[in-house]
Amino acid sequence: MDHLEVVGKSILKKESPDKATGRAKYTGDYTESGLLHAAMVTSSYAHANILNIDTSAAWQVKGVRTILTGEDSHVLTGEEIRDRPIIAKDRVRFFGETVAVVVADTEAAAKQAAYSMIVQYEPLQVVNSPTQAIRKGAPLVHPNLGQYKAADGVNPIPGTNVASLIKIRKGQMEKGWSDSEVVIENTVSFAPSDHAAMETRSAVAEIRPDGHIVIETSSQAPFAVKKYMGLYFNIEPGWIIVKTPFVGGGYGGKAAIQLEPIAYLASKAVGGRKVKIINTREEDMVTSPGHIGLEARVKLGSTSKGEITAAEIIYWFDGGAYNDKSSDVARAAAADCTGPYAINNLYCDCMTIYTNHPYASAYRGYGHAELTFAIERAMDALAEKLGMDPLELRTMNIVTPGDTSPTRNMLNSSNLGDLRECMRRLRNLSGWDEWKVKQVDANKVRSKGISCGWKNSSMDPNASSGAIVSFNPDGSLNLECGVVEIGTGTKTVLAQILAERMKLDPSQIHVKFTIDTAITPEHWKTVASRGTFMGGRAVLKAADDAIRQLLDIAGCVLRVDPEDLEVGWGKVFVRSDPAVHVDFKDICYGYTYPNGNSIGGQIIGRGHYIQRQMTYLNPETGEVGPEWNVSAQAVEIELDISDYNYKILKAISVIDAGKVLNPKGAEGQVMGAMSMGLSFGNRETFIFNDQGIVLNPTLRDYPLIRYGENPEYIVKFIENPCLEAPFGARALGEHGLIGMPAALASALSRAAGVHLNHLPLFPERIWRTKMRVPYDTV
């Protein structure tokens, strides 16, 4: 690809000037006269019957227009299982659940009224973890589970707390265990946590006099909002318009649909007037969906030389009080349940469990950081029992072309990244062979940990993406597609792809950032690291459509066969004689001959793409596809054994990017993901008391990794192209995160001399594990 002029070059994000100057507008920034405001009343219990809601004091607040409770809507929502009321009715199932909504003239009045409402509860027994939920006699979070509507591929077990069960079966387990000379079993766990995006979630809804419902929302999935609002409320999709401006980070949390139905009900209750609802930080953390939790058991068998012969894996995902997307996160994890290792004999049960925790949405990596932590801790345990170098054990067992995935898909050099080369680079970058543990002084120990990760695309089989390119009279191009700009720079990369195909400078590509589902070509969701792949393929098709139109008109003007023409540098020219040409600007709006006769018109190219070979996962055997991207990661830490505080000194990621389209943008993406993964691994968690109450629902006591605490980041890419991707580019937006918690646990375990299998890795947790002191929170 040495001939590429634009792709592979670092260019500034198209939106950088607006963001750097503060001109960029987000959903919560928009206001206008007559706008009403909504505020929520949320539950102070994790599981309780609602006995009474006293609204009398709230109605006394000046400016209150209406008050909504669960009695005002009988609609159940949820993408995978329709189990969640928009506003809790009769019962609350998690701390922070919405029990009432106030609509008022001002935000202050709405909040004052919400604070003045008194809700009487009857507490119920709480289910506080997946293992509690599956015990005999555990209280049922959803006694009516069998009556809910479930999507294809979701397999609830009525009469239990199992929202969905997926089975992956491969090979012959009896043979696998009989061939095993060494067997280990390892358990891991971590509680739910938060996405902590910079922008809290918000939505604005209006029902216009002509019947159109207009929703403005900070969503990664405006087209999904349109789809599900239509399904939930039995509204024809054409009457629903969803708009999304810039989104201030999402990490999967803004792929869920939650505030939009509340805003719609609020607008409907006040005659269709425009109503805005915006989360406080505390509401964003516990009322809106968060990051899934996990308890897992992994059993591995191998030969004495380290070849893995069998794996038995049980995943219990903590989906929280409602299913929403949690069973789909579990499905994605089930499909890649072994991590990037060639294991021919496999038994995996992957369960999504109801608990009385905040319900889960997608989170960067979509179940893969979670499964990777479970598998990689087991790999370290196996290496220790074998007395084998952990890197050598992984290298011996990693998947290569010719192997099959857990879902029995054949892997080849295109649909599988080159993990062996990633491992080779990681070995050199980390100095793995020089030392793994070393004493710095009497109290301080340095150590290194490693991990491998992979991820397939985990999306709906009918997920599609579209793009439109249109010419301006000066020969420049407008690019419009449904990918939401959530800070990743994807639309800049799409502009580079278009510029490369049209042989234009990227400055001549004008990108539309705001999504309007009434006119913007649909993109399924801005999730799963699919924006560049799917949007890029659609953009290339749209560019080719525009080029075809250019060549047809230019052929008439130049009186040559269009097949003899080329485009580039703002011109259409004869391939054998570039001096014979016509400028884009002279034909992109049609061409006028000297006598006034005209042909053509504005050139508008269109393109769309659906990824091939996507199938529903067979719940009994587990069969899916089609593409896996890989990474190898390492972390170096320094642990003070006098108090178990530690510093993260260095973090390394080597990722098969296929083709790096914007090097600086890609590096920034991966570094951000690495930081997020380390923060998840060493400090981020909800702390629950025995009643399921979240004790740290603010950023004061939910610590994120902060400026000055980040380590040295080293990011390297290898380029083994995916033949179906635009210019060979593989996914990489999530891969910097996937292996970080596991690599951190590996390094700290080596330094502390204990197996650290429970996240996050607070110094206190390391001390308690070392001293065998039980942890006293759930």
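Numbering starts at 1 and runs along the sequence shown.
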**Student:** Give a yes or no answer on whether the side chain of Asp90 reaches the backbone of Ala88 with a donor-acceptor pair at less than 3.5 Å.
**Tutor:**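 Not confirmed, Asp90 side chain does not pair with Ala88 backbone.
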
**Student:** Do Phe688 and Phe95 have their ring centres less than 6.0 Å from each other?
**Tutor:**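 That pair fails the under 6.0 Å test.
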
**Student:** Ignoring hydrogens and geometry, is there a side-chain-to-backbone donor-acceptor pair from Arg201 to Gly253 under 3.5 Å?
**Tutor:**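 Checked: pair present.
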
**Student:** Can the ring centroids of His142 and Tyr148 be said to lie less than 6.0 angstrom from one another?
**Tutor:**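 Yes.
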
**Student:** Salt bridge or not for Asp349 and Lys167, using N-O below 4.0 Å?
**Tutor:**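 No, no charged N to carboxylate O under 4.0 Å.
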
**Student:** Checking side-chain contact (heavy atoms from CB on, under 4.5 Å) between Tyr264 and each of Val275, Ile235, Ile86, which is the one that passes?
**Tutor:**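 Going through Val275, Ile235, Ile86 one by one, the side-chain contact (heavy atoms from CB on, under 4.5 Å) with Tyr264 is satisfied by Ile235 alone.
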
**Student:** Can a donor-acceptor pair be found, under 3.5 Å and without considering hydrogens, that links the side chain of Lys455 to the backbone of Asp336?
**Tutor:**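 No; judged by distance alone, with no hydrogens or angles, the pair does not exist.
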
**Student:** Treating Glu376 as the side-chain partner and Thr372 as the backbone partner, does any N or O pair qualify as donor plus acceptor under 3.5 Å?
**Tutor:**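 It does not hold such a pair.
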
**Student:** Any cation-pi pair here, Arg169 with Tyr347, using under 6.0 Å and within 45°?
**Tutor:**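 Checked: cation-pi criterion met.
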
**Student:** Would you say the side-chain atoms of Asn696 pair up with the backbone N or O of Ile687, donor to acceptor, closer than 3.5 Å?
**Tutor:**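 Such a contact is found between Asn696 side chain and Ile687 backbone.
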
**Student:** Could you tell me whether Glu522 and Lys226 make a salt bridge, using a distance below 4.0 angstrom between a side-chain N and a carboxylate O?
**Tutor:**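 Not counted as a salt bridge, because no side-chain N and carboxylate O are separated by less than 4.0 Å.
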
**Student:** Quick check: does any side chain N or O of Thr287 sit under 3.5 Å from a backbone N or O of Gly96, one acting as donor and the other as acceptor?
**Tutor:**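 Yes, the answer is positive, given that a donor and an acceptor are paired below the 3.5 Å cut-off.
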
**Student:** Determine whether the aromatic ring centres of Tyr702 and Phe686 lie less than 6.0 Å apart.
**Tutor:**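 Yes, close enough.
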
**Student:** Looking only at side chains, do Glu260 and Thr217 share a donor and an acceptor under 3.5 Å apart?
**Tutor:**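 There is such a pair between these side chains.
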
**Student:** Verify, without hydrogens or angle tests, whether Asn689 (side chain) and Gly692 (backbone) share a donor-acceptor contact under 3.5 angstrom.
**Tutor:**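 Yes.
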
**Student:** Are side-chain heavy atoms of Leu265 and Asp72 found at a separation under 4.5 Å?
**Tutor:**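 Side-chain contact under 4.5 Å: no.
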
**Student:** Is it true that His368 and Asn456 share a donor-acceptor pair across their side chains at a distance under 3.5 Å?
**Tutor:**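 Their side chains do not contain a donor-acceptor pair, so the 3.5 Å distance test is not met.
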
**Student:** Considering only NZ, NE, NH1 and NH2 on the basic side and carboxylate oxygens on the acidic side, decide whether Asp324 and Arg84 come within less than 4.0 Å.
**Tutor:**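 Answer for the salt bridge query: yes.
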
**Student:** Flag the pair Glu79 and Lys525 as a salt bridge only when some basic side-chain nitrogen lies within less than 4.0 angstrom of an acidic carboxylate oxygen.
**Tutor:**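 Yes.
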
**Student:** Please tell me whether Asn757 and Arg377 have a donor and an acceptor in their side chains that are separated by less than 3.5 angstrom.
**Tutor:**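 Looking only at side-chain atoms, Arg377 and Asn757 do form a donor-acceptor pair, the distance falling under 3.5 Å.
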
**Student:** Determine whether the side chains of His47 and Glu97 contain a donor N or O and an acceptor N or O closer than 3.5 Å.
**Tutor:**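 Per modelled atom types, His47 and Glu97 side chains form no pair under 3.5 Å.
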
**Student:** For residues Phe94 and His357, establish whether the separation of their ring centroids is below 6.0 Å.
**Tutor:**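 No, too far apart.
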
**Student:** Do the side chain of Thr66 and the main chain of Val270 share a donor and acceptor less than 3.5 angstrom apart?
**Tutor:**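 Not at all, since once roles are kept as given, no pair shorter than 3.5 Å links the two residues.
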
